[in-house]
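Working notes for the structure below.
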Amino acid sequence: MTERTQATPGRRTVMGVGAAVLGTAAIGLSGTARAAGNTEERSGGHGGGPGHRLDLPVPTVIGHRGTSGYRPEHTLGSYQLALDMGAHIIEQDLVPTRDGHLVCRHENDITATTDVSAHPEFASRRTTKTVDGVPLTGWFTEDFTLAELKTLRATERIPGNRQRNTLYDGRWEIPTFEEVLRWADREGRRRGKPVWLYVETKHPTYFRGLGLGLEERLVTLLRRYDRHRAQSPLILQSFEPSSIQRLSKLVATPRVVLLSGAGTRPWDFTATGDTRTTDDLVKPAGLKWMASFAQGIGPTLDLIIPKDGSGRLTAPTTLVRDAHAQGLILHPYTMRNENTFLPADFRRGSDPNAYGDAFGAFAAYFATGIDGIFSDNADTALLAAADFTGR
C-alpha cells in the first residue's frame, strides 16, 4: 500500500488506533504511550495524552548502528557521521558490563567488534556461553568492568564486506550509553534541535537472569537526561515483547517491538513457554496485542515483501495495512548498499561487495507504505526518501 499524502507529499501521521493518514510531518502515539511516568505527563510536563505526535519525517531514515556502512558500528564516529549526513534518528544497542554500566554494542560478544583478542591480559576471559539458546565462544561484556572495556578499541565487524571501514579500526573506544546521551545533548544544543536516538535492549531475559536487568538501568538514564516522556526524542525497541511491556510501565517514551523472520519465536516467549511465533504476532490479533503497550513494530524487510527461492522480491504482504489499522508505525530493517545484502532483483555485477541498485530496492520498500527504515547508509536512504516524496 502506497500512502502518498495530501498537503505534504510522503509525510504521514499515525494517530491512535486506526492509523489515520493526515499528511503532516509527525508520527503519533497509540496504545499505552502514556502508561507510566504518566503522572508527570498528565500533570503538565511535555504532554502525553491520546493522539500525541512525535515530529519525525516519513519515511524516517534510521541510522543503523550509526552509519555502519562507512564506520565501525556503535562508535561515536559512526553516530556522528550518521548525524552529519542527516539521519533522522540514530540507533544504539545496549548491553551491560559486569559492574552494571550500559554500553553500546550490537552483541555482548565483542570478539568481532573490538581488538580484545589482541589483549593478552584478557586471554583467559575467552569462554563459551549460551545466549538465547545459541552457543557462542568469545569475549562477553558481562565479564568485563567498564574500566576494562575502555582499554579496548572498536573494529569493523564485517571486514570482508567493508574493507574500507578497517581504516578506522582502533580509532574509537566502546561508548557508554550515558556518553551517547551527553553527545546527543551537546549536538542538539549546537544544532538547535534535538538529536533523536533509537535504543534497543539486547537479550533482556538473558541479562536479567544474570542479575543485570537492562530496563531499570536504562530508565535511570532516561530520567536523568529527561528522555522518559511521551514527547522525548527517543524510541525504545526490543525483540522481546516483555521488555517493551516492562518499559511501558516505567516511562512514557515511545516503544517499538522488533520482529524476526517468519517462524521464529521471541526468546522471552521460549523462556516462558509462550508458543506464539512471529507468524502469530503479525496477524491482526497479534498486532492488536502489541498495540496495547507499543506504538510500532520493527519487522524484517522480508515480512514486508517476502523473497522467492532465488532471492527476488515477491508480492508485498498485508502487514503494513494491518499494522496501520491498529495504529502501529512500521520501521523495518535493514537496508544496505552492497549486492550481498540486496534482493537479487537489485544486484549489479558479480562482486558481492560492490554496490547494487539500492535506490531501486528503497523505492520498492517505500511503495508499501512503511513509515521508515533502518539503513547502514544514511546518505543513500535520505536520497531515496527524497526521491519517494518528490522533495
Side-chain angles (χ1 to χ4, degrees), residues 1-3 10-15 19 21 25-31 33 53-68 82 86-93 106 195-202 232-241 243-244 247 253-261 266 278 281-282 286-287 290-291 293-305 316-317 319-336 361-362 364-378 380-382 384-385 388-389:
M1 170 174 74
T2 301
E3 296 186 7
R11 288 162 109 68
R12 173 166 61 251
T13 297
V14 181
M15 297 292 295
V21 181
I27 294 175
L29 302 184
S30 66
R53 298 179 182 180
L54 294 177
D55 291 325
L56 281 171
V58 176
T60 304
V61 171
I62 304 155
H64 187 236
R65 310 176 198 172
T67 189
S68 48
H88 303 132
I89 185 165
I90 299 168
E91 185 196 34
Q92 295 78 46
D93 298 321
H106 177 56
V195 172
W196 279 76
L197 305 177
Y198 214 129
V199 182
E200 181 181 347
T201 56
K202 299 291 295 190
S232 297
L234 188 143
I235 299 175
L236 298 166
Q237 56 176 335
S238 183
F239 280 100
E240 296 190 17
S243 183
I244 296 300
L247 287 164
T253 312
R255 299 167 300 279
V256 164
V257 178
L258 299 171
L259 299 172
S260 294
T278 296
L281 295 182
V282 298
L287 294 167
M290 289 186 288
F293 57 87
Q295 288 69 54
I297 58 173
T300 66
L301 286 166
D302 286 350
L303 292 174
I304 305 294
I305 310 180
T317 67
L319 181 55
V320 174
R321 181 190 68 199
D322 294 343
H324 282 167
Q326 297 298 335
L328 294 165
I329 61 171
L330 296 96
H331 288 162
Y333 64 94
T334 303
M335 267 294 297
R336 300 175 169 99
F362 273 114
Y365 291 121
F366 287 152
T368 65
I370 58 175
D371 301 283
I373 197 164
F374 286 82
S375 175
D376 281 11
N377 308 85
T380 307
L382 287 161
F388 178 71
T389 59

[atom1] of [X] to [atom2] of [Y]: how many Å apart, nearest 0.5 Å?
{"X": "S260", "Y": "D302", "atom1": "OG", "atom2": "CG", "result": "11.5 Å"}
{"X": "I89", "Y": "L234", "atom1": "CD1", "atom2": "CG", "result": "7.0 Å"}
{"X": "H64", "Y": "I62", "atom1": "NE2", "atom2": "CD1", "result": "9.5 Å"}
{"X": "I370", "Y": "L319", "atom1": "CD1", "atom2": "CG", "result": "10.5 Å"}
{"X": "Q295", "Y": "L328", "atom1": "CD", "atom2": "CG", "result": "8.5 Å"}
{"X": "L247", "Y": "T253", "atom1": "CG", "atom2": "OG1", "result": "8.5 Å"}

Mind listing the closest non-hydrogen atom pair of [X] and [Y] along with its distance?
{"X": "P59", "Y": "T389", "result": "CD-CG2, 3.7 Å"}
{"X": "S375", "Y": "A378", "result": "OG-N, 4.2 Å"}
{"X": "I90", "Y": "G66", "result": "CG2-CA, 4.0 Å"}
{"X": "V257", "Y": "A294", "result": "CG2-CB, 4.0 Å"}

Pairs flagged by salt bridge (Lys or Arg N to Asp or Glu O under 4.0 Å) wherever residues 323-332 is involved - sequence neighbours left out
none
With sequence neighbours left out, what residues match [X] under side-chain hydrogen bond (donor to acceptor under 3.5 Å, both in side chains)?
{"X": "S68", "answer": "D376"}
{"X": "Q237", "answer": "E91"}
{"X": "S238", "answer": "T201"}
{"X": "D322", "answer": "T318"}

With sequence neighbours left out, what residues match [X] under side chain to side chain contact (heavy atoms under 4.5 Å, CB included)?
{"X": "T278", "answer": "L259, T264, V282, L303"}
{"X": "L382", "answer": "V61, H88"}
{"X": "T380", "answer": "Y70, N337, A358, F359, F362, N377"}

Just jot down the salt bridge (Lys or Arg N to Asp or Glu O under 4.0 Å) partners of E200, sequence neighbours excluded, or say none.
K202
Run the side chain to side chain contact (heavy atoms under 4.5 Å, CB included) check on L258 and I297 step by step: do they pass?
CA-CA 6 Å; L258 299 171; I297 58 173; over 6 Å; no
Could you give me the CA-CA distance, side-chain angles and deciding distance for T300 and Y333, then say whether side chain to side chain contact (heavy atoms under 4.5 Å, CB included) is met?
CA-CA 5 Å; T300 66; Y333 64 94; 3.0 Å; yes
Applying side chain to side chain contact (heavy atoms under 4.5 Å, CB included) between P332 and each of I304, T368, D371, report the one that passes.
I304
Taken in chain and number order and not counting sequence neighbours, the residues that satisfy ring-ring contact (aromatic ring centres under 6.0 Å, His included) with Y198 are H331, F374
Partners passing ring-ring contact (aromatic ring centres under 6.0 Å, His included) against Y365 (at least two apart in sequence or in another chain)
none
Student check: side-chain heavy atoms of [X] and [Y] closer than 4.5 Å:
{"X": "F293", "Y": "I244", "answer": "yes"}
{"X": "L281", "Y": "P266", "answer": "yes"}
{"X": "L330", "Y": "H324", "answer": "yes"}

